[in-house]
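These notes are about the structure you will find just below.
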Protein chains: 2
Amino acid sequence: MVVVRKDSEESLNQLFRALADGTRRSILARSLTETPSVSDLAARYEMSFAAVQKHVAVLERAGLIQKRANGREQLVSTNHARLQRAGELLEYFESIWRQRMAQLEDVLLPKGK
Amino acid sequence: MVVVRKDSEESLNQLFRALADGTRRSILARSLTETPSVSDLAARYEMSFAAVQKHVAVLERAGLIQKRANGREQLVSTNHARLQRAGELLEYFESIWRQRMAQLEDVLLPKGK
DNA sequence: TTAACGTACAACCATATGGTTGTAGTTAGA
DNA sequence: TCTAACTACAACCATATGGTTGTACGTTAA
């Protein structure tokens with residue numbers, strides 16, 4: 001049986017919406033292999049510091065990343081558990097799909113061997 | 001090696017944004033197990049027919065569902081391959097995460113056995 | 001101590017999103 | 001044939017989103 005932990009609709013909305021932007025997916029990918037500061041990140045994109053800061057905030061609200069202060073810097077790292085949540089929902093959808101396909105086979109193929 | 005097929009940024013944006021709405025996730029789930037008409041779907045939600053029609057259009061543009069005409073009805077069914085795409089990207093992220101964890105182990109644990 | 005750095009946040013703008021109502025075109029059925 | 005059902009789409013509205021610039025404040029280093 002597939003277990004899908006409960007999550008508020010709003011929380012799932014935020015999760016998928018956070019992933020629906022190329023800059024944010026890029027920030028997320030970077031924070032997966034490094035622990036950059038917000039200005040490290042900002043230096044990599046052709047937009048203002050404030051814009052990158054907002055993207056980081058969206059990822060943080062969605063629970064995909066955390067920040068931790070290090071002097072005047074804020075270091076960004078990913079929250080893998082949260083990332084898995086999106087994956088789990090999609091796996092759940094896929095399991096439903098497979099069930100349906102299995103049922104169709106029952107209908108379309110002769111019973112028994 | 002994890003294979004992530006190329007997809008335009010915009011296409012991925014549409015895919016995740018389409019999933020970032022509870023009504024649309026519900027429509028998608030329903031279309032996974034049935035092949036409802038647009039008005040079948042509309043009857044299930046507390047919003048206008050036009051609003052549901054718009055949600056269906058968003059899912060269709062994202063490639064997550066298709067419609068096929070049946071007389072005056074439009075029957076909605078899911079495109080599983082497209083749904084898998086979102087899952088693959090998340091799996092890719094997860095593989096990067098696992099690589100990083102493996103590298104950390106190399107650093108934190110003594111070499112050799 | 002002072003200047004530069006890193007961050008936070010407000011105010012603003014253009015456009016996108018999610019909803020509505022209304023109009024019109026097809027198809028099915030009495 | 002005429003009417004009801006199903007769909008499409010335009011016009012409109014409020015709010016959210018993604019960007020900007022400007023200001024303020026704590027921290028670091030010279």
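- Near-neighbour residues of DNA chain D inside residues 16-41 of chain B, defined by a heavy atom below 4.0 Å, number-ordered: B:Ser37, B:Val38, B:Ser39.
- At least one donor-acceptor pair under 3.5 Å links the side chain of B:Arg24 to the backbone N or O of B:Arg17.
- With distances taken from any side-chain atom of B:Phe49 to the nucleotides D:dT7, C:dT20, D:dT20, the minimum falls on D:dT7.
- Using modelled atom types, no side-chain atom of A:Asn79 and backbone atom of A:Ile65 make a donor-acceptor pair closer than 3.5 Å.
- No donor-acceptor pair closer than 3.5 Å links the side chain of A:Arg82 to the backbone N or O of A:Gly63.
- One atom, CD of A:Gln14, and another, P of C:dT17, lie 18 Å apart when rounded to the nearest Å.
- The CG atom of A:Asn13 sits 12 Å away from the C1' atom of C:dG18 (whole-angstrom rounding).
- For A:Arg72, the side-chain atoms get nearest to D:dG26 when compared with the rest of C:dA8, C:dA28, D:dG26.
- Connection of A:Ile27 to B:Leu12 is established within a shared hydrophobic cluster, with ILVMFWY side chains joined at heavy-atom distances below 4.5 Å, either directly or through further cluster members.
- As a whole-Å value, the separation of A:Glu10 CD from C:dG18 P is 12 Å.
- Within 4.0 Å of B:Ala50, counting heavy atoms only, lies at least one base atom of the nucleic acid.
- The distance from atom CD of B:Gln74 to atom C1' of C:dT26 is 11 Å, rounded to the nearest whole Å.
- Taking atom NE2 on B:His55 and atom C1' on C:dT20, their separation rounds to 12 Å, with Å as the unit.
- Counting to the nearest Å, the C1' atom of C:dA8 and the CD atom of A:Glu60 are 12 Å from each other.
- C:dG18 atom P lies 11 Å from atom CG of B:Leu59, rounded to whole Å.
- For the OP1/OP2 pair of D:dA11 and a distance below 4.0 Å, the side-chain nitrogens and oxygens of B:Lys54 include no atom meeting the criterion.
- When distances are taken from the side chain of A:Ala51 to each of C:dT20, D:dT20, C:dG6, the shortest belongs to D:dT20.
- Heavy-atom nearest nucleotides on DNA chain C were determined for B:Glu46 and for B:Gly71, and the one closer to the 5' end corresponds to B:Glu46.
- A close approach under 4.0 Å does occur between a side-chain nitrogen or oxygen of A:Gln53 and OP1 or OP2 of C:dA8.
- Along DNA chain C, the nucleotide nearest to B:Met47 and the one nearest to B:Arg61 differ in position, and the one closer to the 5' end is contacted by B:Arg61.
- Between B:Phe93 atom CZ and A:Thr78 atom OG1 the span is 10.0 Å, to the nearest 0.5 Å.
- Rounded to the nearest 0.5 angstrom, B:Arg25 CZ and A:Glu9 CD are separated by 5.0 Å.
- Between the B:Ser39 side chain and the B:Ala42 main chain, no donor and acceptor come within less than 3.5 Å of each other.
- At whole-Å resolution of the value, CG in A:Leu75 and C1' in C:dG6 are 11 Å apart.
- Distances shown here put a side-chain N or O of B:Ser48 below 4.0 Å from the OP1 or OP2 atom of C:dT20.
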